[in-house]
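Values reported hereafter were calculated over all heavy atoms of this structure, with side chains retained and with hydrogens, waters and symmetry mates removed.
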Amino acid sequence: MDNAAAGGWTVGSKAGSPAEKHPNLKTFLAALSFAYFAKALSGSYMKSTITQLERRFDIPSYLIGIIDGSFEIGNLLVIAFVSYFGAKLHRPKIIAVGCVLMSFGTFLIAMPHFINGRYKIETSIRPSVNSTSSLSPCPSSSAESRADDRPSILPSRGCERESSVSLWIYVFLGNVLRGIGETPVQPLGISYIDDFTLSENTALYIGCVQTISIIGPVFGYLLGSLCARIYVDVGYVDMETVTITPADARWVGAWWLGYLITGSITLMSAVPFWFLPKSLPVPVEKHDTDCTPEQTRFIKDSPNMEHKFRPEEPADLHQMAKQFIPTLKNLLGNPVYMIYLCVTIIQFNSLIGMVTYKPKYIEQHYGQSASRANFLMGLINIPAVALGMFSGGVVMKKYRLGIMGAAKFAVGTSLLGYFLSLFFLALGCENARVAGITVSYTGAQGLSHQERSLLSDCNSACLCSTRDWDPVCGEDGTTYVSPCLAGCTSSSGAGRNTVFNNCRCLAAADPQAANLTAALGQCPNRESCDRIFPYFLALSVLSSFIISLGGTPGFMLLVRCVKPELKSLALGIHTLATRTLAGIPAPIYFGAIIDTTCLKWGYKACGGRGACRIYDTTAYRIVYLGLTLGLRTVSFFFCIVCFALLKRHVAMEEKSALTDGSAESESLRKEENSSVHCEQCILALDHSPDRETHL
């Protein structure tokens with residue numbers, strides 16, 4: 001009966017390929033696309049809040065890197081087992097469970113906002129909202145200094161509570177839970193598509209799913225841009241008392257709001273998977289053959305593995321566990337797969353480090369606010385990536401690229417994008433003019449990492465704290481770390497309109513200056529930097545598009561260089577390796593290296609170093625771009641090895657085909673004659689009156 005059913009399905013498949021038209025396949029494609037969108041939405045939103053979390057919890061970049069890498073830690077805990085055992089169980093329902101876990105993790109990330117106190121802005125003065133005058137920004141006695149040195153950051157409910165030392169742990173654990181939940185989505189989802197679609201359409205379907213997933217970061221960064229414009233404690237504080245703007249290094253947006261939104265969307269994405277079947281009808285080409293000719297080139301048969309596809313067999317967990325080690329050895333014995341793994345690990349280090357800190361790079365180097373940086377990432381850069389990945393899938397289908405063709409296309413686009421990225425090194429801005437840090441009080445250029453350089457004769461009459469970061473912009477275009485360090489003796493106005501007067505340090509650089517006033521906030525960037533920024537954006541879009549063109553062909557190279565029964569495990573090990581050796585360490589060491597370029601650190605309410613307030617932009621550009629491009633340079637050496645292995649396999653196949661061509665032709669003729677003879681025997685038996693006896 002099973003053979004008859006299979007035979008009936010084969011005829012139907014050849015006639016119209018009903019597997020491609022099955023409604024459950026369309027539902028699965030839509031559900032997987034939505035799940036990809038949801039996980040990409042929450043993941044990109046996490047990237048967009050890097051700066052906000054750094055400021056809110058007063059932590060350095062390397063610690064933010066640990067929080068960001070905790071997602072990969074969650075993956076690491078379960079990826080190998082989910083990929084192997086999940087492929088033999090009910091894949092749609094396992095994906096649904098993963099989506100639920102992702103949503104719970106996202107809600108957990110937002111929890112610190114509701115259990116923590118209100119955000120206290122680091123400031124050296126306390127302007128009066130109800131009058132046109134305020135306390136002097138220049139304390140002249142030790143008593144006044146003790147009373148008013150840092151009034152706005154003194155803890156009101158106990159130092160431990162306000163320091164936020166441990167509250168970032170909730171963000172860490174929530175991201176770990178997100179990583180655990182995301183684990184089954186890619187390996188089980190992609191293998192499900194590849195199992196139940198025609199090989200010629202698989203690349204297009206995967207390209208569509210990945211393209212839709214790229215739309216997630218578009219909305220993720222746009223949501224990050226919106227939330228970054230909203231003050232963190234909106235609805236709980238009088239905004240008239242908030243003296244900083246979104247462009248200020250101390251500004252913290254409503255980071256928690258986006259996590260509530262993305263968590264709800266992720267929870268919704270789990271619903272369709274509960275109603276999908278364990279398996280779908282298999283296309284005829286996958287009934288008739290176990291693997292494609294290309295797949296048979298790269299991995300030897302294992303005596304313990306059966307190649308027949310039996311989607312409805314009951315799962316034998318004991319047997320599955322028993323075969324896990326031999327199967328893993330079989331996979332890792334594939335040299336092409338292993339070299340491909342090395343290439344992607346190195347390139348993912350470069351990619352993850354670059355993407356994690358790109359919004360921060362735009363903020364620090366080009367003087368953009370966190371909101372604008374996220375907006376530009378979402379509206380300009382991410383769509384270029386989506387278009388590139390989709391175009392790569394179309395090229396793969398239109399030109400029917402084989403393994404060698406896909407490899408050449410992927411490496412070629414990556415190499416072209418690499419050469420374009422070298423131009424980023426030339427699109428740099430000078431350091432902002434900050435008195436006592438990047439320039440002296442007399443206007444001489446020169447970097448200083450010493451806090452005592454903030455003190456000068458012009459502010460010696462004031463007992464100023466060198467730890468404060470409350471910048472003001474002088475009329476001379478120079479930023480001063482605080483009104484006190486600018487030598488200001490009085491102020492007028494209220495809130496954000498506060499103006500500081502009689503700022504003696506402005507006269508140090510220009511004794512002829514008549515207007516010795518300063519306004520709240522840092523001075524804007526120079527016009528030369530504003531002119532460079534559009535070129536940076538254009539180059540970023542172009543290089544992102546070209547590099548992403550090779551994304552889908554490169555991914556198909558991974559899928560097609562292994563046996564069909566190893567696809568889920570191969571994808572799982574690939575995900576495990578890239579996230580363990582790239583996703584976890586890359587944000588940490590990128591953040592640690594970026595921290596070395598900090599010129600002025602903030603300080604926590606209870607003491608200890610907090611978040612960085614200003615960076616050496618030249619050094620930031622060199623270490624950030626240099627590390628990104630250096631890693632990609634190393635990956636190209638592994639690409640050469642990969643090409644050599646591919647060419648060797650292809651050459652061996654062609655040589656074998658030429659040598660044994662005549663023998664194979666003779667064998668095929670014998671098989672045809674044999675099959676004809678068998679058909680004649682079967683027909684004779686069918687017409688025989690005693691056929692049941694023969695049967």
Side-chain angles (χ1 to χ4, degrees), residues 9 12-13 16-42 79 82-103 181-216 265-287 309-313 315 386 389-390 393 396-397 552 555-556 558-560 564-572 575:
W9 164 240
S13 297
S17 297
E20 299 288 336
K21 301 178 181 179
H22 200 284
N24 283 335
L25 176 60
K26 295 179 180 178
T27 303
F28 182 83
L29 287 170
L32 187 65
S33 298
F34 187 43
Y36 262 66
F37 170 83
K39 76 183 184 70
L41 176 71
S42 59
I79 182 67
V82 168
S83 299
Y84 181 71
F85 293 106
K88 302 175 185 296
L89 301 174
H90 199 301
R91 284 178 282 187
K93 288 188 177 179
I94 293 176
I95 294 174
V97 172
C99 292
V100 172
L101 290 177
M102 275 197 293
S103 67
E182 193 266 352
T183 303
V185 178
Q186 177 176 332
L188 301 188
I190 296 299
S191 64
Y192 195 89
I193 291 175
D194 195 56
D195 283 342
F196 304 116
T197 59
L198 293 172
S199 297
E200 62 184 23
N201 293 330
T202 302
L204 182 62
Y205 289 143
I206 293 176
C208 289
V209 170
Q210 291 183 334
T211 300
I212 292 174
S213 74
I214 295 296
I215 299 175
I265 293 174
T266 306
L267 188 61
M268 291 168 54
S269 71
V271 176
F273 292 104
W274 294 108
F275 304 100
L276 287 167
K278 180 181 178 182
S279 61
L280 297 174
V282 184
V284 60
E285 67 171 29
K286 296 185 179 180
H287 265 287
F309 181 76
R310 299 183 178 94
E312 297 301 334
E313 283 185 351
M389 295 193 72
F390 179 76
M396 190 84 178
K397 176 177 172 61
T552 302
F555 195 80
M556 291 309 299
L558 168 65
V559 173
R560 294 295 164 80
E565 62 271 9
L566 295 176
K567 277 182 299 197
S568 290
L569 182 61
L571 289 167
T575 305

Closest heavy-atom pair, Gly189 versus Phe28, reported as atoms and distance to 0.1 Å, is O-CE2, 3.7 Å
Scanning both residues in full, the closest heavy-atom pair of Ser33 with Val209 reads OG-CG2, 3.7 Å
Heavy atoms of Ala270 and Val100 approach each other most closely as CB-CG2, 3.8 Å
d(Met268 CE, Cys99 SG) to nearest 0.5 Å is 12.0 Å
To the nearest 0.5 Å, atom OG of Ser103 lies from atom CD1 of Ile265 at 11.5 Å
Closest non-hydrogen atoms of Gly181 and Pro184, given as atom of the first, atom of the second and distance, are O-CD, 3.3 Å
Of all heavy-atom pairs linking Phe273 and Ala96, the shortest is CB-CB, 3.6 Å
Worksheet item: More than 12 foreign heavy atoms under 6.0 Å from OH of Tyr36: is that the case here?
Response: yes
By side-chain hydrogen bond (donor to acceptor under 3.5 Å, both in side chains), Thr266 pairs with (sequence neighbours left out) none
Interatomic distance, CG@Leu32 vs CZ@Arg91, rounded to 0.5 Å, equals 11.5 Å
When every non-hydrogen atom of Ala35 is compared with those of Ser269, the smallest separation belongs to CA-CB, 4.0 Å
The reported gap from OG1 in Thr183 to CE in Met102 (rounded to nearest 0.5 angstrom) is 9.0 Å
